[in-house]
Structures are given as structure tokens and as C-alpha cells.
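A short worksheet on the structure shown next.
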2 protein chains.
Amino acid sequence: MSQTVDRALSILPLLAQGPADLGQVAESLGVHKSTALRLLRTLHEHGLVHRQQDQRYRLGARLFALAQEAVENLDVREIAHPYLTALNERIGHTIHLAVYEEGEVLYIDKVESRYPVRMYSRIGRPVAITVAAVAKLLLADLPEAERRAVAMKLDYPPYTPRSTPNAAAFLKELATVREQGWATDLGGHEESINCVGAPIRGADGRVVAAMSVSAPNVVVTAEELLTLLPQVRRTADAISREYSGTAPTKDTA
Amino acid sequence: MSQTVDRALSILPLLAQGPADLGQVAESLGVHKSTALRLLRTLHEHGLVHRQQDQRYRLGARLFALAQEAVENLDVREIAHPYLTALNERIGHTIHLAVYEEGEVLYIDKVESRYPVRMYSRIGRPVAITVAAVAKLLLADLPEAERRAVAMKLDYPPYTPRSTPNAAAFLKELATVREQGWATDLGGHEESINCVGAPIRGADGRVVAAMSVSAPNVVVTAEELLTLLPQVRRTADAISREYSGTAPTKDTA
DNA sequence: AATGAGCGTTGCGTGATGTGCAACATCCAT
DNA sequence: ATGGATGTTGCACATCACGCAACGCTCATT
């Protein structure tokens with residue numbers, strides 16, 4: 001890996017948190033100001049970084065454009081969206097769509113309870129990977145080796161008493177999820193929130209995305225939420241069929 | 001400018017056009033394959049590029065996550081404020097900045113006529129949503145469905161004879177505003193006060209905020225106030241550019 | 001005004017670091 | 001089996017990125 005590029009790219013997440021001046025960037029990277037300046041200039045020339053008139057640096061328009069392209073390349077999202085809104089109109093609760101990439105699980109779409117808007121709320125944020133239903137679905141489908149590797153190097157924050165406590169429990173849960181073909185998160189992230197989720201599969205049977213329905217238990221109990229599971233699975237299957245081409249392929253090749 | 005970083009960043013727009021394999025990347029950059037490999041690896045480690053099953057490279061979802069995080073941490077108010085005070089110093093009248101949130105329109109900044117001091121008189125308070133210029137601008141940009149839903153469940157208080165009387169009239173007004181890209185409130189809230197406003201847009205073109213200039217018609221007539229429209233729009237556009245990270249400065253090219 | 005602190009910027013000598021090469025590893029089609 | 005196309009590795013060279021130190025600038029303080 002290239003040191004220079006590595007440093008330059010490390011600036012991006014830094015600036016994503018908010019504007020920063022040259023000194024702050026240099027300090028965060030642990031390099032001399034002149035070095036940071038050169039890196040920032042290069043990023044600036046490519047439009048990834050923008051300089052506001054107080055001279056502080058921010059992420060630039062080019063990065064937003066690239067992000068747009070990147071998400072357009074995730075064609076699962078495009079295909080799934082109408083199904084998600086349709087399901088949302090029937091059952092009303094919040095619906096998430098997530099993908100696994102490079103050790104992370106990311107929300108790539110969200111349909112808010114009630115309104116079909118607010119699409120850009122928490123989309124893009126990494127998921128609470130050890131507890132979320134969608135995360136379990138995505139990780140459960142990884143090859144044994146990678147699954148173990150990922151599970152081992154995760155942290156297991158005790159969000160609630162029902163959070164997944166450690167790697168062993170997580171792997172066991174993943175095995176269950178893998179077998180039954182659906183997943184839940186019953187108060188594992190926030191005490192009062194329950195989720196049920198189902199996988200979306202590509203033509204080769206591999207899980208390419210996962211969707212879930214979330215609701216606070218003041219609105220529906222966990223048991224009631226589970227009665228929605230068939231609808232969630234049917235929706236996920238419908239998306240899978242369209243994504244992998246119209247033919248309702250069954251067996252994993 | 002750093003050559004290595006420059007080359008690495010040049011890969012991103014390349015991949016934005018679609019997936020590419022190592023050879024194609026190397027050729028496009030005019031470098032040896034091994035060099036391209038190292039750059040791609042570094043990008044990969046930062047999650048900016050993703051390797052799909054056929055080993056070709058494409059843009060990574062991390063880009064999306066970064067952009068998302070960046071916009072969440074962006075503060076329109078902070079960015080807009082210097083522009084608002086600058087405009088205020090030129091034209092003197094009261095200037096408002098407002099955003100839409102959860103069915104409401106809220107003032108988030110205000111520069112008082114005459115004094116460039118920030119007065120937190122009504123900041124944070126909901127706007128007279130059926131008549132204010134900023135409210136029209138913000139609601140006009142909502143998706144059709146939500147716009148109708150909001151318009152329907154609003155009250156239409158007859159502040160003055162010129163107030164918006166009902167949902168139908170309001171929706172018609174919103175259509176006009178949407179089309180022309182600016183809005184007015186001519187005595188719709190208080191008989192003697194007129195406003196002209198313009199939208200502030202984010203990188204994706206969506207309206208993230210709206211600004212307006214207000215003046216009592218004992219100081220300037222409605223016609224005179226309208227002559228300020230170009231300045232208001234220019235200011236709003238400048239804020240939009242700054243907000244979305246579009247570089248206004250051009251020198252070394 | 002004068003002083004100084006803080007910040008961004010510049011030019012430069014040094015050597016760490018990125019570079020291309022060539023050989024190797026895989027895979028697939030012939 | 002054989003060849004070609006593609007991704008990967010290790011290495012010697014010199015390019016290119018590094019930190020330093022000095023400069024210019026703005027702003028606040030005296």
C-alpha cells in the first residue's frame with residue numbers, strides 16, 4: 001500500500017466529520033503542515049475537497065457526485081425500492097435495506113414509517129453489526145472462513161442486556177439465521193425496538209442485500225411483529241426474483 | 001501536488017463510468033500494472049473501491065457513507081450566515097433563513113435590518129407556513145405526495161385579505177414557486193410587510209433551506225422590493241455553491 | 001504604531017518511498 | 001499439453017514526497 005495515498009485518503013473521513021483547518025489535518029495525520037497542504041491541494045484539484053472562505057477544508061462536490069455514481073452502481077437498491085415502499089404502505093413501519101461490503105454493513109435505503117420521504121436520514125451509516133437483523137443475514141451468508149474472521153475482530157458493545165455478548169454467541173446466532181433464512185433483532189440495539197429481516201439473493205443464491213422491518217414495542221409487540229415475517233419474506237423473495245432475472249430460480253448452483 | 005495521490009484519485013472518476021479490471025486501470029493511468037495494483041489496493045483498504053466477484057473494481061459504498069456523513073455534519077446556518085450579513089449590509093433589510101423539518105418550517109437564522117448583529121428573536125420558531133416566502137420555497141420542493149399531504153392538513157388562517165385561503169390555492173402557488181425558482185409574500189402575513197425569497201440547494205439539487213428579505217412597505221414598496229430579487233437569488237445561489245462544495249475559485253488549471 | 005502570535009505558504013536538500021521490470025502464479029480456452 | 005491473458009510478488013533504482021526553516025499575511029494586543 002502506498003503511504004502517500006494512504007495519508008491522503010485518511011483525510012476524507014476526517015473532513016466528513018466537519019470542516020477542519022490545515023493544522024488540524026496535519027496533526028490528525030501526524031505529518032508536517034507542508035505535507036498536509038500538498039495532500040489537501042491534490043484532493044482539492046480533484047474536487048474531493050472544498051475550501052470554504054474561512055480557509056477551512058470540507059468535502060467537495062466531486063465526492064458527492066462520485067457517491068451518487070457509487071450508489072447507482074448498487075442496482076439492488078433501485079430494484080428493491082418500489083417493493084420497500086409498497087410494503088411500507090401496507091404495514092407502515094420503518095424499512096431498511098442494507099448491504100455488506102469490506103467488513104462493514106451499510107444501510108443503503110430506508111423507508112420511514114408513515115411518510116415515503118426522509119430517504120436521506122441515516123442511510124450510509126454503518127449498522128450496529130453485531131445485533132441488527134440485516135447484519136446477521138448478510139454475515140450469515142459469508143464463507144465460513146471470512147465469517148469467523150469478521151466475527152472475531154468485531155467489538156460486541158452491550159447496547160442492551162439482549163445485545164450479542166461475544167463472538168461465540170454471534171457465530172451461533174449466524175448459524176441459526178443461516179438455517180432458518182430470516183433474522184430478528186429483539187431489543188438488541190435499543191431496548192424498545194424490534195426488527196425482523198429477510199435476505200435478498202442473487203442468481204447464484206448468494207445474499208446480496210438484506211431488508212428489515214423495525215418497530216418500537218410500544219406500537220407492536222415482538223410477537224405481533226413476527227406475524228409480519230411472511231410478508232417480509234415474500235417481499236424479499238420478490239426482490240430476489242427480479243434482481244436475479246425473472247425466472248424464479250430455486251437451487252443454489 | 002502529489003503525483004501518487006493524483007494518480008490514485010484519477011482512478012475514481014474512471015471507475016465511476018463502470019467497473020474496470022487492473023489492466024484497464026493501468027492503461028488509463030499510463031502506469032505499470034504493478035503500480036496500478038498498489039494504488040487500487042490502497043483505495044480498497046479505505047473502502048473507496050470495491051472488488052466484485054469477477055475481480056473487477058468498482059466504486060465502493062464507503063464513498064456513499066462518507067458523503068452521507070458529510071451532509072449530516074453540514075450546517076447550513078453556519079455556511080449561510082456570512083452571506084446573509086453581507087447581503088444585509090448592502091440592502092439593509094431583515095433577512096431570514098429557514099428549513100423544513102417534520103411538517104414544519106423553522107427560522108434558523110435572522111439578520112436584523114440595519115444592525116448586522118444576530119438577534120435570536122424568533123429563531124427556532126415555526127413560520128407562518130401558508131404564507132411565508134421561505135415556507136413556499138421549502139414546501140414547493142417536497143415530493144408530490146408529501147406536498148399534498150402537508151397542504152391538506154394545514155390550517156389556513158386569514159391573517160390578512162391576501163393570505164392564502166385554502167389548500168388548493170396553496171398548491172397552485174407552490175407549483176408557481178417551484179417553476180420560477182423564487183417566492184414572495186406580499187402582505188400575506190402582516191398587511192404592511194412584503195418578502196422576497198430564494199431557495200438554497202444541496203449537491204443533489206434538493207432545497208435544503210430558504211432565505212428571504214423582508215421590508216415594510218412604508219420603507220420600500222413591493223415593486224421596489226422585487227428589484228432586489230436578483231441580488232437575493234445570487235446570494236442564495238452563492239450559498240448553494242458553498243454548501244454543496246462547488247469550487248467558486250478558479251486559478252491553477 | 002508597534003509587537004507578536006498564529007496560520008498558511010514556499011523552496012530546498014535529503015532519503016524514504018513509489019516506480020517499472022521481470023519472473024511467477026493462476027486460470028481459461030484452445 | 002500449450003499458449004495467452006490476467007493478477008501478483010520481490011527487487012534495485014532514482015524519483016518524488018518528506019520535514020525543515022524561513023517568509024508573508026492577518027489579526028489581536030499593548
Side-chain angles (χ1 to χ4, degrees), chain A residues 1-12 14-15 17-60 102 143 145-146 204 206 253, chain B residues 1-12 14-15 17-60 78 81-82 85-86 89 116-117 242 245 247-253:
Chain A
M1 45 177 166
S2 159
Q3 181 187 75
T4 317
V5 178
D6 185 49
R7 286 172 170 172
L9 297 184
S10 300
I11 294 176
L12 298 178
L14 194 72
L15 294 185
Q17 296 171 11
D21 62 30
L22 179 62
Q24 294 170 327
V25 172
E27 193 190 5
S28 292
L29 292 185
V31 300
H32 196 269
K33 284 186 302 179
S34 59
T35 302
L37 180 64
R38 230 171 324 103
L39 297 177
L40 282 166
R41 276 225 250 264
T42 310
L43 289 167
H44 181 76
E45 254 182 33
H46 284 257
L48 297 183
V49 154
H50 173 69
R51 195 151 200 201
Q52 31 190 44
Q53 69 268 43
D54 61 356
Q55 293 207 321
R56 290 190 304 168
Y57 293 93
R58 245 232 98 243
L59 294 186
E102 316 291 339
E146 190 178 1
D204 56 359
R206 292 209 43 185
Chain B
M1 323 111 219
S2 160
Q3 183 187 73
T4 317
V5 178
D6 186 48
R7 286 173 170 172
L9 297 184
S10 300
I11 293 177
L12 297 178
L14 193 72
L15 294 184
Q17 298 170 5
D21 62 31
L22 180 60
Q24 294 169 322
V25 172
E27 193 190 5
S28 293
L29 292 184
V31 299
H32 196 270
K33 283 185 304 179
S34 60
T35 302
L37 179 64
R38 230 171 326 102
L39 298 177
L40 281 166
R41 274 224 248 267
T42 310
L43 289 167
H44 179 80
E45 261 181 26
H46 285 258
L48 299 187
V49 306
H50 177 66
R51 198 149 197 204
Q52 38 190 33
Q53 307 86 302
D54 61 358
Q55 293 206 318
R56 292 192 305 167
Y57 295 92
R58 67 163 183 74
L59 294 182
E78 188 186 342
H81 194 74
T85 54
E89 277 167 21
V117 192
E242 177 76 33
T249 46
K250 279 302 294 176
D251 38 5
T252 52

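Residue numbers begin at 1 in each chain, while the letters A, B, ... track the order of the sequences. Since this is a predicted model, take the numbers as computed values, not measurements.
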Practice prompt. Measure from the side-chain heavy atoms of A:Y57 and tell me the nearest of C:dT10, C:dG20, C:dT9.
Written response: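 Between C:dT10, C:dG20, C:dT9, the one nearest the side chain of A:Y57 would be C:dT9.
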Item to complete: Just compare D:dT8, D:dT9, C:dT10 and give me whichever is closest to any side-chain atom of A:R41.
Response: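 Shortest atom-to-atom distance from the side chain points to C:dT10.
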Find the distance [X]:[atom1] to [N]:[atom2] and express it as a whole number of Å.
X: B:D54; N: C:dT26; atom1: CG; atom2: P; result: 20 Å
X: A:D21; N: D:dC27; atom1: CG; atom2: C1'; result: 15 Å
X: A:Q52; N: C:dC7; atom1: CD; atom2: P; result: 16 Å
X: B:K33; N: C:dA23; atom1: NZ; atom2: C1'; result: 11 Å
X: B:Q24; N: D:dA5; atom1: CD; atom2: P; result: 14 Å
X: B:E27; N: D:dA5; atom1: CD; atom2: P; result: 13 Å
X: B:L37; N: C:dA23; atom1: CG; atom2: P; result: 19 Å

Discussion item. Pick the closest DNA chain C nucleotide for B:A36 and for A:Q55 by heavy atoms, then say which residue is nearer the 5' end.
Written reply: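 First, find each residue's nearest nucleotide; the 5'-ward one identifies A:Q55.
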Check: [Y] and [X] side chains under 4.5 Å, non-hydrogen atoms:
X: B:L12; Y: A:L48; result: yes
X: A:L37; Y: A:V25; result: no
X: B:Q52; Y: B:R58; result: yes
X: A:D21; Y: A:Q55; result: no

Give me the atom names and distance for the closest heavy-atom approach of [X] to [Y].
X: A:T4; Y: B:S2; result: CG2-OG, 3.4 Å
X: A:H44; Y: A:H50; result: ND1-CA, 4.3 Å
X: A:M1; Y: B:R38; result: N-CG, 4.1 Å

Worksheet item: Which part of the nucleic acid, if any, lies within contact of A:R56, taking any heavy atom under 4.0 Å across all strands shown: a base, the sugar-phosphate backbone alone, or nothing?
Response: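 Counting heavy atoms under 4.0 Å across all strands, no contact is made by A:R56.
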Fill in: Point-to-point distance, once rounded to the nearest 0.5 Å, from CD of A:E27 to NE2 of A:H32
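Reported to 0.5 Å precision, the distance equals 13.0 Å.
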Worksheet item: To the nearest 10 degrees, what angle separates the axes at the start and end of the helix from C:dA1-D:dT30 to C:dT30-D:dA1, five pairs each?
Response: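 Comparing the first five pairs with the last five, the axes sit 30° apart.
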Close N or O pairs between protein and nucleotides 15-18 of chain D (under 3.5 Å):
from   : atom 1 : to    : atom 2 : distance (Å)
D:dC16 : OP1    : B:Q3  : OE1    : 3.4
D:dC16 : OP1    : B:Q3  : NE2    : 3.0
D:dA17 : OP1    : B:Q3  : N      : 2.7
D:dA17 : OP1    : B:T4  : N      : 2.7
D:dA17 : OP1    : B:T4  : OG1    : 2.9
D:dA17 : OP2    : B:Q3  : N      : 3.2
D:dC18 : OP1    : A:R7  : NH1    : 3.1
D:dC18 : OP2    : A:R38 : NH1    : 2.8

Item to complete: Identify whether the distance between the nearest side-chain nitrogen and carboxylate oxygen of A:D54 and A:R56 falls below 4.0 Å.
Response: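 Yes, charged N to carboxylate O under 4.0 Å.
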